[in-house]
There are 2 protein chains.
Amino acid sequence: MPAGGRTDAHGATTSERILDAALGSFATRGYEASSLDALAVGLDIRKQTILYWFPSKEVLLEAVIDRSAIELSEALEASLASAGSGWARVEAVVRSVFRLAARRPELLGLVREMGRLGTPAATRFVSAVEPLVQRATGFLEAEMDAGHMRRHDPRLLLLAIYSTVIGMLTEVEVLRAFGEEPTARSLVRRRNEILELLRSALVTDAA
Amino acid sequence: MPAGGRTDAHGATTSERILDAALGSFATRGYEASSLDALAVGLDIRKQTILYWFPSKEVLLEAVIDRSAIELSEALEASLASAGSGWARVEAVVRSVFRLAARRPELLGLVREMGRLGTPAATRFVSAVEPLVQRATGFLEAEMDAGHMRRHDPRLLLLAIYSTVIGMLTEVEVLRAFGEEPTARSLVRRRNEILELLRSALVTDAA
DNA sequence: CGATCTGTCTACCATATGGTAAGTGACCGG
DNA sequence: CCGGTCACTTACCATATGGTAGACAGATCG
């Protein structure tokens, strides 16, 4: 039985509920714009209960980051473990990110928020996800060496892929401007568009 | 002589100086996290001078958005006016956005911030830039019809291009994680990477 | 010269914020 | 049954926030 306070009707501990609400708020409103008071009201809890579990707002942020980094890493590692090789591997990862976006959009929102938080919060997240970046660049490089993919700077290529995927998943307002509704159907269309785009950009005829 | 208050040593009116500082702060710290007090201190001005020119923080935001939308539109329109056709046109626009990012990074930062602001602030920006989106999708569609570019959904394609470019220009923390320093040289490398990527994704052999 | 207008300032204020201090009740081992 | 710990609460507090009211100096104009 994990510590974290009394459990509610759904078996969630208080500290878990706080983390969930904080993640949602940080991801959509931003860290600085999120207030402990508002969080507490939303949870029907007193602010001091939050400060009991997380002695300061910054500590709460760190906890949210750590938990999210783990969840993100696990999701990606899982998709990598079962994925094939070559282009199929890229496709599997993109698909799993889109699945994650459908199930837990706040996670992707938090990733975007990282940029604004700067050191040391972002450093925390970055170092947690670092191994994945290493694996990914290594993989891309190998595929290029094997002639399966067009040659690019693997780090910059990864950055471009990341930007495209995250952007198409999180820029809701821009999506609206481009006439895309935030529906599941639209999500699938965006995923397929990205996959097509990446495939024609990356895969060589040799593969 | 445009109104806007007394002019400083460099000929800038007070209201212009306020708009500049606000743009910078909104773009990097975010709207909600920016305070009028901090803005005033940075400008060596009293907060009430800000509220004299812009009667509320929200009005200030609207003014910043309007001015930025105009500046952005003009920069893009200019690059479109002198650009050639086909792939050269896409390349010209991407290059001009990168030039803009080097000269006025806050403009791009504000675009990213739009997503968080939601209605009605984003609507304001979106409707100001809307004509550009129309022109761009129309152009892409024509190129596809002519067989110069691979067929895609033009709106989704534009969204993908936008996401990639904005992401690679604004996600400073992620850039750091990927080992890219925020230098001019790195900017050029990122630009070239994007151009290569887009070219292999879009251009058909027929072109 | 006196009245008015413009731009900026000083003096406040209600509210919201992150955080401290000290309680209260339920449970638990001895 | 009783002292202590755990989870959470009420009661505050200093500071920061967006915003109001009004004074004051300099220019403009009749």
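Note on naming: letters A, B, ... go to the chains in the order of the sequence lines (proteins, then strands), and numbering restarts at 1 for each one.
For Arg191(A), there are no salt bridge (Lys or Arg N to Asp or Glu O under 4.0 Å) partners at least two apart in sequence or on another chain. Considering only residues two or more places apart in sequence or on other chains, Arg199(A) meets the salt bridge (Lys or Arg N to Asp or Glu O under 4.0 Å) condition with none of them. Partners of Phe125(B) under the ring-ring contact (aromatic ring centres under 6.0 Å, His included) rule, at least two apart in sequence or in another chain, do not exist in this structure. Residues passing the salt bridge (Lys or Arg N to Asp or Glu O under 4.0 Å) test with Arg151(A) are Asp145(A), sequence neighbours excluded.
Between Leu51(A) atom CG and dT17(C) atom P there is a gap of 13 Å when expressed in whole angstrom units. When rounded to the nearest whole Å, the span between NZ of Lys57(B) and C1' of dA16(C) equals 13 Å. If you measure from atom CZ of Phe54(B) to atom P of dT8(C), you get 11 Å, rounded to the nearest angstrom. As rounded to whole Å, 14 Å separates atom C1' of dG19(D) from atom CD of Glu58(B).
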(request) Go through the steps for Arg95(B) and Glu91(B) under the test salt bridge (charged side-chain N to carboxylate O under 4.0 Å, His left out), then give the verdict. (result) CA-CA 6 Å; Arg95(B) 282 178 183 274; Glu91(B) 185 166 341; 3.1 Å; yes
Polar pairs (N or O, both sides) under 3.5 Å between protein and nucleotides 8-13 of chain D?
residue	atom	partner	partner atom	Å
dC8(D)	OP1	Arg6(A)	N	3.4
dC8(D)	OP1	Thr14(A)	OG1	2.7
dC8(D)	OP2	Thr14(A)	OG1	3.3
dC8(D)	OP2	Trp53(A)	NE1	2.9
dT9(D)	OP1	Arg46(A)	NH2	3.2
dT9(D)	OP2	Arg46(A)	N	3.3
dT9(D)	OP2	Thr49(A)	OG1	2.2
dA11(D)	N6	Gln48(A)	NE2	3.1

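Ser163(A) and Gly167(B) make their closest contact through OG-C, 3.4 Å (heavy atoms, listed as atom of the first residue, atom of the second, distance).
With hydrogens and angles ignored, the 3.5 Å screen pairs a side-chain donor or acceptor of Arg150(B) with a backbone N or O of Ala201(B).
Contacts between residues 30-38 of chain A and DNA chain D, defined by a heavy-atom separation under 4.0 Å, are absent.
Between Glu113(B) and Arg116(B) a salt bridge is recorded (basic side-chain N to carboxylate O distance below 4.0 Å).
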